[in-house]
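Beneath this line is the structure, given in C-alpha cells, with notes to follow.
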Amino acid sequence: MANVPVHLAIILDGNGRWAKKKGLPRNAGHVQGAHVLEDMCEIVWNKGIKYLTVYAFSSENWKRPSDEVALLMKLLRDYMKNSVKRAMKNNMRVRVIGDKNGLDEDLRVSIAELEDATKGNTGLNFTIALNYGGRDEIVRAVRKLSSEHDAEFMKNLSEDDLASALDTSGMPDPDLLIRTCGEERISNFLLWQISYSEFYFADCAWPDFNEAELDKALESYSSRTRRFGGLVKGEE
Ligand code: FPP
C-alpha cells in the first residue's frame, strides 16, 4: 500500500463493551484485547509501519473498580515478563511511556528489564503508554528541564527543547491516530505529539480489531493530503 504511516498510535477502546455484549465480565475484554495487541504488533510491522504506540492505561484509569485495575496491572506485568522471547524473535524494541514512579516496584523492574533486553532491536518500535497522561507528560518535561537548566534557558525554551524532554524523545510524531469503538475524543493521549496527526475512528471494539480493520484505516490515511499548516503543490 502506498503512503503507509511511519508512526501509528492507537487508543484501544471498547474492551468493556465488547465483553458486556457477549455476556462476559469486563475483564474478559481486557484479556482478549491484550491478545489482539500482541498479534497487531506483527501485522503493523508487516505493513511497513515502524512505530506503534498504544494507550494501555491512563493516569485516570486508577479510578476504575479495584478488581479491574488489578487485572490490567496483571496483564501488563505478564506482558513485561513473558514477551521478551517473542520481542527478540521479531526484533521488536519495547518501551513504556508515562509516569513510572506511580507503578509498583516489581512492575518498574520488569519494564526496565524488557526495555533493556530489546533496546538494540531494529524492528518495530512498540511503545506502551502506562500510567500516562498527555498533560502530566508535559508538566513532567517542564519540571525536568527547569531542574536541569537555569532561568535564562527556561526563558528561551524552544519547541525542540520541550520535545526532547518528553517521554517520546527521539521518536517521530504519530502520522495516524486510530481510536476504536466509535468514540471520537483524545482522552489526554499524546497531546503534544498529535498536533499534525491524521485521525481515524473505527466503529469496532478493540478486541474485534484485526488486519481488515487496520487496512480500512490505512486506506483512509493514504488518501489524505497532509499539509502541516502549509499548502501542497497545485494549491498555491
Ligand atoms: C479501553 O477499554 C481499554 C483499556 C482501558 C485497557 C487497554 C489494555 C489492554 C488492551 C491490555 C493490556 C496491554 C498490554 C500491553 C498487555 P474500556 O475498558 O474503556 O472499554 P469500554 O469503553 O467499552 O468500557
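Just follow the structure's listing: the first ligand is 1, and inside any ligand the first atom is 1. We count residues from 1, following the sequence as given.
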Short N or O distance, [X] and ligand 1, threshold 3.5 Å exclusive:
X     : result
Asn15 : yes
Gly14 : yes
Leu76 : no
Tyr55 : no

Worksheet entry | Shortest protein heavy-atom distance from atom 3 (C) of ligand 1, along with the residue and atom involved | Leu12 O, 3.1 Å
Discussion item. Give me the residue, atom name and distance of the protein heavy atom closest to atom 16 (C) of ligand 1.
Written reply: Tyr79 CB, 3.8 Å
Discussion item. Taking CZ in Arg143 as the centre, count heavy atoms belonging to other residues, nucleotides or ligands within less than 6.0 Å. Is the count above 12?
Written reply: no
Item to complete: May I ask you to check whether over 12 heavy atoms, not counting those of Glu148, lie within 6.0 Å of atom CD?
Response: yes
Worksheet item: Is the Phe199 ring parallel, tilted or perpendicular to the Phe201 ring (thresholds 30°, 60°)?
Response: perpendicular
Do [X] and [Y] sit within salt-bridge range, that is, some charged N less than 4.0 Å from a carboxylate O?
X      : Y      : value
Glu219 : Lys216 : no
Asp99  : Lys144 : no
Glu137 : Arg140 : no

Worksheet item: What part of Leu37 sits under 4.0 Å from ligand 1 if we count only heavy atoms: the side chain, the backbone, both or neither?
Response: side chain
Discussion item. Just to verify, what does Ser146 make a side-chain contact (heavy atoms from CB on, under 4.5 Å) with, not counting sequence neighbours?
Written reply: Met154
Practice prompt. State the atoms of ligand 1, each with its element, that fall below the 4.0 Å cut-off from a heavy-atom position in Arg17.
Written response: 21 (P), 22 (O), 23 (O)
Discussion item. So if I count the atoms of ligand 1 from 1 in the order they appear, which ones are less than 4.0 Å from some heavy atom of Ala56?
Written reply: 6 (C), 7 (C), 8 (C)
Worksheet entry | ligand 1 contacted by Arg64 (non-hydrogen, < 4.0 Å) | yes
Worksheet item: Arg26: heavy atom below 4.0 Å from ligand 1, yes or no?
Response: yes
Worksheet item: With sequence neighbours left out, what residues match Arg26 under salt bridge (charged side-chain N to carboxylate O under 4.0 Å, His left out)?
Response: Glu68
